[in-house]
Novice: 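Let me give you the structure first, and then I'll get to my questions.
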Amino acid sequence: MDPAATSKIEVILTYAGFHALLFYRVAHWLLKKRIPFIPRALSQLARFITGIEIHPGATIGSGMFIDHGMGVVIGETSEIGDNVTLFQGVTLGGTGKQRGKRHPTLGNHVVVGAGAKVLGPIKIGDYVKIGANSVVLQDVPDHSTVVGIPGKIVRIKDERVPDEALLDHIHIPDPIADRFIDLQVQIDALKRDIEEMRKR
């Protein structure tokens, strides 16, 4: 999934996301065997080494890619599907101190942009793109694009997003910027009307 990767050896030796996932797989296996303390100790060691914090209680599918993972946090009850991409600074977190399911569930082929926060026991559908620095607090249906604070769905597609577009989380509509442009157009029109009235 990373266009910068030149070989498997490079990924194995130099990719922090890969290292964090290796630590997670061991810690998660130990946790399922009900071994105390060691799983959390391993996750904290991984955090110290990689800058990526994955709770051993999280459930992660296959093909996950953490790109430049510094600051990524994945909470205890998070559930992540297959072929999900997380960029740096992403948080899959909770919104309070309640017990039980308190972290998000991500479907398959989800892309979460840098700095985005996905909070609470919400469901993110398949093939969803979440823009950088968005704060998502509500469920998101399949094939959607979400941007903003709080996150707003700006696009829903009935067709599958092409694989080559899954890493492109820059060209995403910005509804706030679009609204500012609309307001500027209206202001310019009002100014022209006022100038015409003064000339009369």
Novice: Drop me the distance from Leu31's CG to Glu76's CD, to the nearest 0.5 angstrom.
Specialist: 8.0 Å
Novice: Just by modelled atom types, is the Ile74 backbone N or O under 3.5 Å from a matching donor or acceptor in the Ser78 side chain?
Specialist: no
Novice: With a 4.5 Å cut-off on side-chain heavy atoms, are Val147 and Asn133 touching?
Specialist: no
Novice: Are side-chain heavy atoms of Val84 and Leu86 found at a separation under 4.5 Å?
Specialist: yes
Novice: Kindly say whether Val128 contributes a backbone atom to a donor-acceptor pair with the side chain of His109 at under 3.5 angstrom?
Specialist: no
Novice: Can you check whether Val110 reaches Asn83 side chain to side chain, under 4.5 Å on heavy atoms?
Specialist: no
Novice: Check whether more than 12 heavy atoms from other residues, nucleotides or ligands sit under 6.0 Å from atom CZ of Arg47, and answer yes or no.
Specialist: no
Novice: Are Glu195 and Arg198 close enough for a salt bridge, meaning some N to O gap below 4.0 Å?
Specialist: yes
Novice: Are any non-hydrogen side-chain atoms of Tyr127 and Val111 less than 4.5 angstrom apart?
Specialist: no
Novice: Sub-3.5 Å donor-acceptor pair from the side chain of Ser134 to the main-chain atoms of Gly148, do we have one?
Specialist: yes
Novice: Can you name the closest pair of heavy atoms from Leu42 and Val26 and give their distance?
Specialist: CD1-CG1, 3.8 Å
Novice: Within a strict 4.5 Å, meaning less than it, do heavy atoms of the Val136 and Ile122 side chains meet?
Specialist: yes
Novice: Hey, which of Val140, Ile124, Val135, Leu106 is the one that makes side-chain contact (heavy atoms from CB on, under 4.5 Å) with Ile130?
Specialist: Ile124
Novice: Can you confirm whether more than 12 heavy atoms, excluding those of Lys101, are under 6.0 Å from its NZ atom?
Specialist: yes
Novice: Are any of the side-chain heavy atoms of Ile66 and Ile52 separated by less than 4.5 Å?
Specialist: yes
Novice: Shared ILVMFWY cluster between Val73 and Leu22, side chains joined below 4.5 angstrom?
Specialist: no
Novice: Same cluster for Val118 and Ile149 if Ile/Leu/Val/Met/Phe/Trp/Tyr side chains link at under 4.5 Å?
Specialist: no
Novice: Just verifying a value: how many Å separate Ser144 OG and Asp126 CG, rounded to the nearest 0.5 Å?
Specialist: 10.5 Å
Novice: Compare all side-chain heavy atoms of Thr85 with those of Met64 and state whether any distance is below 4.5 angstrom.
Specialist: no
Novice: Give a yes or no on whether the backbone of Asn108 and the side-chain of Asp82 come within a donor-acceptor separation of less than 3.5 Å.
Specialist: no
Novice: Which distance, rounded to the nearest 0.5 Å, do you find between the NE2 of His28 and the CD1 of Ile54?
Specialist: 11.5 Å
Novice: Could you tell me whether Gln44 atom CD has more than 12 heavy atoms of other residues or ligands within 6.0 Å of it?
Specialist: yes
Novice: Transitively linked via ILVMFWY side-chain contacts under 4.5 Å: Phe180 with Ile187?
Specialist: no
Novice: Do Phe87 and Val112 make a side-chain contact, defined as non-hydrogen atoms from C-beta onward lying under 4.5 Å apart?
Specialist: no
Novice: Is Leu119 linked to Val146 within one hydrophobic cluster, defined over Ile, Leu, Val, Met, Phe, Trp and Tyr using a side-chain heavy-atom separation of less than 4.5 Å?
Specialist: no
Novice: Looking only at non-hydrogen atoms, find the nearest pair between Leu30 and Pro39 and report the distance.
Specialist: CB-CG, 3.8 Å
Novice: If we ignore angles and hydrogens, is there a donor and acceptor under 3.5 Å between the side chains of Gln186 and Asp182?
Specialist: no
Novice: With rounding to the nearest 0.5 Å, note down the distance linking CH2 in Trp29 to CZ in Arg25.
Specialist: 14.5 Å
Novice: Can you see which heavy atom on His103 is nearest to which on Leu92, and at what distance?
Specialist: CD2-O, 3.7 Å
Novice: With hydrophobic residues grouped by side-chain heavy-atom distances under 4.5 Å, do Ile38 and Phe48 end up in a single group?
Specialist: yes
Novice: Where the side chain of Thr50 meets the backbone of Ala16, is there a donor-acceptor pair that is under 3.5 Å apart?
Specialist: no
Novice: With a 3.5 Å distance limit and no angle check, can you tell me whether Tyr24 reaches the backbone of Ala46 through a side-chain donor-acceptor pair?
Specialist: no
Novice: Can you tell me how far NZ of Lys8 sits from OH of Tyr15, rounded to the nearest 0.5 angstrom?
Specialist: 14.0 Å
Novice: Could you measure the distance from the CE atom of Met70 to the CG atom of Asp67? Nearest 0.5 Å is fine.
Specialist: 13.0 Å
